[in-house]
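Source: prediction; values computed, not measured. Each chain gets a letter, A, B and so on, in the order its sequence line appears, and its residues count up from 1.
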Amino acid sequence: DAGITQSPRHKVTETGTPVTLRCHQTENHRYMYWYRQDPGHGLRLIHYSYGVKDTDKGEVSDGYSVSRSKTEDFLLTLESATSSQTSVYFCAINGDLNQPQHFGDGTRLSIL
Amino acid sequence: RKEVEQDPGPFNVPEGATVAFNCTYSNSASQSFFWYRQDCRKEPKLLMSVYSSGNEDGRFTAQLNRASQYISLLIRDSKLSDSATYLCVVIPGYSSASKIIFGSGTRLSIRP
């Protein structure tokens with residue numbers, strides 16, 4: 001399995017609090033992605049990174065920010081969590097845009 | 001028309017049956033295609049890539065029809081363990097990671 005770890009695996013927090021999810025890879029892959037998955041919507045891209053300090057928005061980026069200060073780490077931050085951000089968050093990596101992505105185990109986030 | 005469409009199912013078939021499902025895409029410039037399998041409450045896992053000439057991996061066969069813009073997945077001699085959701089992924093070449101599209105998935109249930 002690709003060396004990709006997400007933390008935390010589960011989190012419950014309250015509306016208005018900041019939340020940071022971490023994705024760590026040991027594959028030295030260039031590309032890293034954050035998705036959310038909700039019933040009826042499938043996987044939706046939040047943000048992605050194509051290198052250290054290089055990030056771009058995806059389909060559902062509002063309310064989220066990301067940072068990538070090292071090749072191996074890609075952080076997703078919810079500055080002020082809302083109940084609509086309750087979801088399962090997946091990180092994915094690949095070395096090239098045309099290669100298949102490999103996913104982390106996911107983070108289940110509940111905003112009460 | 002959605003960029004990538006899959007029949008959501010569920011497909012409910014008996015063990016040992018052959019089942020096939022398709023994934024249609026709208027961007028004729030799409031370059032790379034993959035099938036993923038996702039078990040309940042788990043991360044998507046790569047099942048197989050889809051090559052222009054078609055490819056087979058054991059009981060699984062993937063095909064690409066560029067003229068009609070769809071990919072297909074055929075599962076022969078289905079097993080109970082094949083029960084999962086199957087996602088297709090379409091990548092439109094070297095444009096942007098934001099253009100990578102995941103289908104919403106087809107649910108497959110194999111009954112004894």
Side-chain angles (χ1 to χ4, degrees), chain A residues 1-6 9-10 23 25 27 29-51 54-61 64 66 68 74 87-110, chain B residues 2-10 21 23-25 27 29-52 55 57 60 62 64 71 73 84-108:
Chain A
D1 286 347
I4 177 169
T5 307
Q6 289 185 234
R9 294 292 311 281
H10 301 88
C23 179
Q25 61 143 330
E27 304 295 321
H29 281 335
R30 178 183 178 190
Y31 292 90
M32 299 185 76
Y33 310 80
W34 276 108
Y35 291 91
R36 62 177 289 175
Q37 188 173 37
D38 305 287
H41 287 280
L43 282 161
R44 292 184 291 174
L45 183 65
I46 305 172
H47 282 280
Y48 68 97
S49 170
Y50 47 98
D54 292 323
T55 65
D56 206 349
K57 296 179 180 180
E59 177 188 359
V60 291
S61 59
Y64 302 94
V66 290
R68 191 170 179 198
F74 192 32
S87 187
V88 179
Y89 291 84
F90 288 105
C91 177
I93 62 174
N94 63 3
D96 183 273
L97 277 182
N98 276 325
Q99 290 178 353
Q101 298 175 17
H102 296 281
F103 287 81
D105 291 340
T107 295
R108 295 190 174 278
L109 179 63
S110 294
Chain B
K2 282 186 179 179
E3 293 182 82
V4 174
E5 288 195 75
Q6 291 186 256
D7 183 339
F21 25 84
C23 168
T24 59
Y25 60 94
N27 185 347
S30 297
Q31 296 288 326
S32 302
F33 309 87
F34 305 98
W35 283 104
Y36 281 76
R37 170 200 170 117
Q38 186 173 25
D39 294 296
C40 188
R41 301 177 71 85
K42 297 282 193 178
E43 77 277 18
K45 290 188 176 180
L46 179 67
L47 180 64
M48 58 197 305
S49 304
V50 186
Y51 302 121
S52 297
N55 48 299
D57 183 1
F60 298 83
L64 166 64
I71 61 173
L73 179 68
T85 297
Y86 291 83
L87 310 175
C88 64
V89 181
V90 178
I91 301 178
Y94 286 94
S95 55
S96 162
S98 65
K99 303 297 184 185
I100 298 171
I101 306 293
F102 280 81
S104 295
T106 296
R107 281 180 53 207
L108 174 64

- Item | With sequence neighbours excluded, residues passing side-chain contact (heavy atoms from CB on, under 4.5 Å) with A/L43 | A/Y35, A/Q37, A/F90, A/F103, B/P44, B/L87, B/F102
- Query: Do A/Y33 and B/I100 come close enough that some side-chain heavy atom pair is under 4.5 Å?
  - Reply: yes
- Query: Should B/Y36 and A/Q101 count as side-chain neighbours, where that means a heavy-atom distance under 4.5 Å?
  - Reply: yes
- Query: Looking only at heavy atoms, what is the nearest atom pair of A/Q99 and B/I91, with distance?
  - Reply: O-CD1, 4.1 Å
- Message: Other residues, nucleotides and ligands only: do more than 12 of their heavy atoms fall within 6.0 Å of CZ on A/R44?
- Response: yes
- Across all chains, not counting sequence neighbours, the side-chain hydrogen bond (donor to acceptor under 3.5 Å, both in side chains) partners of A/T55 are none
- Note on the structure: So CG of B/L46 and CG of A/N94: to nearest 0.5 Å the spacing works out to 11.0 Å
- chain B contact via A/H47 - which portion, at a heavy-atom distance below 4.5 Å: neither
- Query: Is it the backbone or the side chain of A/D56 that comes under 4.5 Å from a heavy atom of chain B, or both, or neither?
  - Reply: neither
